[in-house]
Each structure stands twice: as C-alpha cells, then as structure tokens.
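This report refers to the structure that appears directly beneath it.
The basis for the numbers below is simple: all heavy atoms, side chains too, and nothing from hydrogens, waters or symmetry mates. First the proteins, then the strands, lettered A, B, ... as listed; each starts at 1.
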2 protein chains.
Amino acid sequence: MDKTGRSKGRGTGRATLEQVAGMAGVSIMTASRALSQPQMVSEVTRVKVEQAVAELGYVPNRAARALASSQSHVIVVLVPSFSNAVFTAVLEGIHDAVAPGQYQLLIGNTYYSQAEEEKLLRTYLQSSPDGILFSSQAHSPAVAKMLEASQVPSVSMMDLSDEPGALSVGFSQFEAGMEMTRHLVKKGYRRIGFIGAQLDERTLRRADGYRAAVVEAGLADPRLELMVPEPSTIALGAELMGQMMANMPDCDAVFCCNDDLAHGAVYHCQRHGIRIPQEIAVCGFNDLPASRWMMPSLTTIDTPRYQVGFEAASLLLQVIKGQEPERKRIDLGFALRERESA
Amino acid sequence: MDKTGRSKGRGTGRATLEQVAGMAGVSIMTASRALSQPQMVSEVTRVKVEQAVAELGYVPNRAARALASSQSHVIVVLVPSFSNAVFTAVLEGIHDAVAPGQYQLLIGNTYYSQAEEEKLLRTYLQSSPDGILFSSQAHSPAVAKMLEASQVPSVSMMDLSDEPGALSVGFSQFEAGMEMTRHLVKKGYRRIGFIGAQLDERTLRRADGYRAAVVEAGLADPRLELMVPEPSTIALGAELMGQMMANMPDCDAVFCCNDDLAHGAVYHCQRHGIRIPQEIAVCGFNDLPASRWMMPSLTTIDTPRYQVGFEAASLLLQVIKGQEPERKRIDLGFALRERESA
DNA sequence: CTGAAAGCGCTTACAG
DNA sequence: CTGAAAGCGCTTACAG
C-alpha cells in the first residue's frame, strides 16, 4: 500500500472493494451489497460505505463484476453505416432507451457486409453480451450458427420478421414501397421508374413493393428499373437521374429508394432546368430533414427510425430481464408525406 | 459436464479454456499461449489447441482476460451527437483506425452536455478503458478530476489544444472562422453577419474568428451577430436567416456556423425569391455532401473529420502501446471551398 | 442485517 | 517449449 491507499502490483492501481470495505470497517461482501442492493444493509452501514467510496474515489471494476456474475450488461448493436442518417437516428433511439439502465453499448459498423458482420460478432461475442440488436435480418450461415450457439437474445430492426419466434421491430418495407408507388399511379403517372442503390435487403424489399404496385396497375416495365450496388449518395442520385432520363425519355415519375438519391435527382433537375413534377415527378424514402425544405419539397415516406431503435432496445431489455414480451413483432408503421415533387 | 462438454453452474455455459486445454491434452496456460502468443508454442501444440477451439466453438471470455491482464482493450469515445454528420464521420474514422487491432469501442452520446459527459464517463470508467477519445476540450471539474485520477490517456478531437502535454487532433476552428470571413471581406461584402446555434465550443471559436476578421477589416457590428443555443437544424437556419434579413436589412452576407444552418438559409432564400449571392451571400462550415449540389452551391469550409477520427485513434493507440508520439498536437488543416453562394 | 469461502475464466511471473 | 500456483476484483449461495 502506498500513501493513496492503493496496492501495487498486477492490478489496475485503482481502489478496490476490499479497500472500501476496510475503510468502512465491514466485510467485502457487505460493501458489495451496500452498493448494489442498498436496501439490504443497514442505514449506518450504507453511509459508511458510501463515505469510503467517495474518499477513495472507488470505481467498480466491471470486468470483475461481469466475471463473477456472468452478466456483462453489454448490448451489441450492429448497424450497416454510421453516415446514413437513418441509422444514426436508430442509434439515438437505442441510446436513449438504454441510458436509464446500466447497459453499455458495443456499436459496430458492418458497412453493409455480411462478412464484416460476422467478424464483428465474433469479436463482440467475447464480451458475453446480454443481447444483440441487428439492423438486418439476413445473416451468413456462420453468424446464424454463432447466434444459435451463444444463446444470446437478439432483435432485428427496421423490417418485420416472418420467422416464428423471431423478435423484430420496424415496419413493412414492402408495404411502404407499394404505397409510395400506388400514390404515383393514383396521381396519374404511367411510366414510373425505380432508382435503387446499395441493394441491401431493405432496398430490395422496397423494390419488390414497387414491382407489385406497377404490376397491379398494369404498368410494369423492367427497363424502368435502375439498380446499382454502389452506396447511395446525392452525387449518385444525380447521375442515375440523368441516366434514367436519357435512356427512358418517356419516364414520367421516379421513385428513389431513399432520400439521398432523391435529393440528388432533384438537384440534377434544378441544375438542368427540368421542372418537377411537371416534366418528371420525383419521390424518395425516409423523409430526411432537407426533404421538406428543398425546392420543390420532396414527396417521401416518413419512417419511424428513432422509435425503431427505442422500441427495439426496450423489447430486448424485456427479454434480457426474463419477461415474456407481449408482442414479438412490433409494427411501427410509416407515413406517406405528399409534397410538391410528386 | 454434459454431452456438449460444458460445465453447469454459475458460469456462462460457454466452453472455457480449461475444456480446450483438456481436449488438446495440454495445460491451461499452454492453451492460453497457443491462442495469444502462437509463436511461443510448438507447431503440434498449436494445431491441437486450434482443433479443440474449433470443436468446442470456444470463444474467449473477455471479462476474464481483462481482469487477469488488467488490460481491457476498450476505448471510450464521447461525441456530442449521433445525428450530426460531422461526428458520424469522425466515428467512421475511429472505427476504421481501430478495427485492425483488438480494441472495442464504447461510444457515448453527450448531447452537447457536460453533465451528460460526466455521467457517461463515470459509467465507462468502470470498464477500465485503455484510452478515451473526446470531441471537446472543455470538461467539467468533475470530469477533469476523474480523468486525472484514472490516469487513462485521452485525445481531444476537432480543435487543437493549447495545454502543454495534451493530445489533440484537429484544426484551428478560430483560423477557419477567420479565413471564411476574410474571404467575404475580400469579395467586397461590408455588412457581414454571423449566424450561430448550439453554441458549443467549436461554434464559439468560429465566432471568435469571425469577430477577429471583421475587426481587422473595420467592419465589426455586434448587431450582425445572431446566436441562439438551440441545436442546429435546417429549419432553424431558415428561421434565423429570415430574422437576420428582417432586423438587419442592409446585411449583405451571412456566415453560418455550419452547413445545416446554411442549407436552411439557402432554402429560405429560394422560397422567397431572394437571389444568392446578388442580394445576399451565404456561406457555411463543414462541406456536407449537399453543399456542392444545391442551387446555388454553397461556399464553405471543408473539414477533415474522417481523418480527425482516424488520426486521433491512431495517436491514442500509440500512446496506449507506450510509444512516445512524434507530435502531440496534430493539425490536419481545413480548406475553403469557394462556390456560387459567396 | 452481516460474514467466510469458493469461484467466475483467464494471464502472469517463475520454474523447469 | 511447457506447467503448477497465485491472483485479478468482484458476486453468489450458504450460514449465522
């Protein structure tokens, strides 16, 4: 022990529970209880321990607690992107739902890659997480196997799962894609194109919805679908809009699979003096902040992403605590925002 | 032991190193070495252990490792916002710099609040992080004290620190604010306003730079400063632009403390038929993707945020590994992007 | 309400 | 190149 009352050697050099107990004149386990289950110790004891904690600047060692209790209080969150505003809102929702409790978030960026997801999960499983929040439903076989073996509960976010027993929070990407397209049909557009990028599962489901709606209306034409695997950006949206108009001059409306692409499409038209929606209608998906402000304002689907994160984390917390959730599949819906562009 | 070779009881139910060692016919510590320092064991041993690991689906227990080695391999990251594109880029840089190693990120959102930062740090310190990445330089006294007591190395990001010995990666917010303003002066604007929101330390430093430049040019007028504490949004930018033009009709240029506000200002003008830059010039800060696409395209300061995250994490990693960094204060600079709006 | 003992699953010097 | 022992800092039943 040196002057600060801290032992030397292998450890972290931080004050330990043992020192707290010593200073408070109680046993280690009474000190432990005074901190984690204060109602189980006497008032006097609690105060003595609290004073010792303050005096020593004691900070509990989470690794020791996790090891002894086999409860890590860690929740793993896997998102496909940090730069996509959709997922940052999801993260915010999760963060807020979890904050009151004592859970820590281990956030990983999969970059829309199943291989990356696998790598991250392999690492994060070492932390014995109490639960996992996925932004996707489709996993590689290796991930499925790890999940099965680890027995860690997980919730998938954004889309709804059809697997029995699976926990999911989101809304039907398919229905949303269909509703947006039906809106265009109802407005009288007949040559409705679809612009998609990234081609992750959500985009693909939206495209399915688009297809179902144009088939339903007898307006299907595969040549009106423009799908590329590159990440969605404003620049790409502008470029694809140019391509669409060049290749399909009779195209009278474009459904972009997200607002980033749609913004690019709108800017492209602004710069080329193409009037929206008179010459061509444009709509997007997600309702990002700029959408209601740009000119023309963008018709799009408002998605409850913050809520998705919040509710998914809440659901996971319930399951972790051993409660049976009322619903395993929580549909938060979506809303069509009709504005000037379509 | 049950059929899967896993012991029952208090633990996590996962396979342990002991079981791996048993199956491989070596001691626990040889198994440990085979995994963490493979070059220190014989080829035969290594293979046997690896086979046992695969067979049992062994996943190391990080809590146990952290406790035994007093090395958590955890890095704490504190950002003021998840929704601000600036910080998501920083996060991406950090994520990428750290990925190769074995470090895990504990990411917390301070919501621009020192009190929240304090709460988060108190919790995260329990994980005995090897290092901390801050997005701010100003800390509450309590945070300063915790940092001091914990002895955990930290790097502050975005701005440059003047404290001797402090580690920082970023660029001078002051210089950047000054350069942007000087640009407006050079372009001939004489009634240059400043619109600021959130009023975090970076914004305040940019405002200082603005002030220094208008004073330098003999153009200072406090009435041209419009500063509000609300979070920066497009909506707020539009509103503040309206206020500025109403209250200061002779204002001929506006420097918005970030691109979000500037976008709002541009949209406001578009909607009201106000010509930029003829009637009023607008510029922003950060160069978000939309800035080069909107009409008119936005003059702004391009900031190296991804690089800041990447370099800050790299610097921290160096210090954690006990290497003396070449530079403790890494200036990544910034670049003025002159476009149509100013 | 309080305590002695065992144990969580690893790693670390120290020997051989 | 390999192993027996101690220890990291907590919590968990079990007693009293």
Side-chain angles (χ1 to χ4, degrees), chain A residues 1 5-22 24-49 52-53 56 58-73 102 125-128, chain B residues 1 5-49 52-53 56-73 102 125-128:
Chain A
M1 303 275 196
R6 293 178 188 165
S7 60
K8 304 262 185 188
R10 277 228 264 153
T12 51
R14 297 198 322 217
T16 65
L17 235 203
E18 186 176 4
Q19 290 163 37
V20 170
V26 298
S27 70
I28 285 185
M29 53 169 313
T30 297
S32 170
R33 265 198 292 259
L35 295 176
S36 41
Q37 313 171 62
Q39 74 290 355
M40 296 209 63
V41 302
S42 73
E43 179 71 10
V44 195
T45 303
R46 192 174 54 67
V47 172
K48 280 191 301 186
V49 171
V53 164
L56 293 167
Y58 170 71
V59 176
N61 183 319
R62 212 165 167 115
R65 172 176 294 181
L67 186 56
S69 68
S70 60
Q71 269 237 315
S72 64
H73 283 251
Q102 291 304 310
L125 243 21
Q126 299 182 355
S127 299
S128 322
Chain B
M1 302 276 196
R6 292 176 190 168
S7 60
K8 303 265 185 187
R10 277 227 265 154
T12 53
R14 298 195 324 215
T16 66
L17 234 204
E18 185 175 7
Q19 290 164 35
V20 170
M23 181 173 281
V26 298
S27 72
I28 286 184
M29 54 170 313
T30 298
S32 170
R33 267 197 292 259
L35 295 176
S36 41
Q37 311 171 62
Q39 75 288 355
M40 296 211 60
V41 302
S42 74
E43 178 71 11
V44 196
T45 303
R46 193 175 53 66
V47 172
K48 278 191 301 187
V49 171
V53 164
L56 293 167
Y58 170 72
V59 177
N61 184 320
R62 209 161 169 122
R65 172 176 295 182
L67 185 57
S69 67
S70 58
Q71 267 238 318
S72 65
H73 283 250
Q102 292 302 310
L125 243 22
Q126 299 184 355
S127 299
S128 322

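Following rounding to the nearest Å, A:Arg14 (CZ) and D:dC8 (C1') show an atom-to-atom distance of 12 Å. For the pair B:Gln126 CD and D:dC8 C1', the computed distance is 17 Å after rounding to whole Å. Here C:dC8 presents its C1' atom at 13 Å from CD of B:Gln19, a figure rounded to the nearest Å. Distance, A:Tyr58 OH to D:dG9 P: 10 Å, rounded to whole Å. Between the P atom of C:dT11 and the NE2 atom of B:His73 lies a distance of 10 Å, rounded to the nearest Å. Counting to the nearest Å, the C1' atom of C:dG3 and the CG atom of A:Leu17 are 14 Å from each other. Computed from coordinates, the B:Glu18 CD to C:dG7 C1' distance equals 12 Å when rounded to whole Å. Atom CG of A:Asn61 is separated from atom C1' of D:dG9 by 6 Å (rounded to the nearest Å).
Judged as a side-chain contact (heavy atoms from CB on, under 4.5 Å), and not counting sequence neighbours, the contacts of B:Ala66 are A:Ala63. Listed by chain and residue number, A:Leu17, A:Val49, A:Val53, A:Tyr58 satisfy the side-chain contact (heavy atoms from CB on, under 4.5 Å) test with A:Leu35 (two or more places apart in sequence, or in another chain). Annotation: salt bridge (Lys or Arg N to Asp or Glu O under 4.0 Å) contacts of B:Arg46 (sequence neighbours excluded): B:Glu43, B:Glu50.
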Only Watson-Crick and G-U wobble pairs with both distances less than 3.5 Å should count. Give DNA chain D in dot-bracket notation, marking inter-strand partners with |. |||.||||||||.|||
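Residues of residues 20-30 of chain B having a heavy atom closer than 4.0 Å to DNA chain D, listed by number: B:Val26, B:Ser27, B:Met29, B:Thr30. Of the residues in residues 31-46 of chain A, those placing a heavy atom less than 4.0 Å from an atom of DNA chain D are A:Ser32, in numerical order.
Each side-chain hydrogen bond (donor to acceptor under 3.5 Å, both in side chains) pair with one or both residues in residues 30-40 of chain B, not counting sequence neighbours, appears once here: B:Ser27-B:Thr30.
When all heavy atoms of B:Ala64 and A:Leu67 are compared, the closest pair comes out as CB-CD1, 3.8 Å. Annotation for A:Gln19 and A:Arg14: closest pair NE2-O, 4.4 Å, computed over non-hydrogen atoms.
The OG atom of B:Ser127 sits 10.5 Å away from atom CZ of A:Arg65, with the distance rounded to the nearest 0.5 Å.
Side chain of A:Ser128 to main chain of A:Ser72: no donor-acceptor pair is present (N/O by atom type, distance under 3.5 Å, no hydrogens or angles).
Distances from the side chain of B:Thr16 to the nucleotides D:dT12, D:dC10, C:dG9 place C:dG9 closest.
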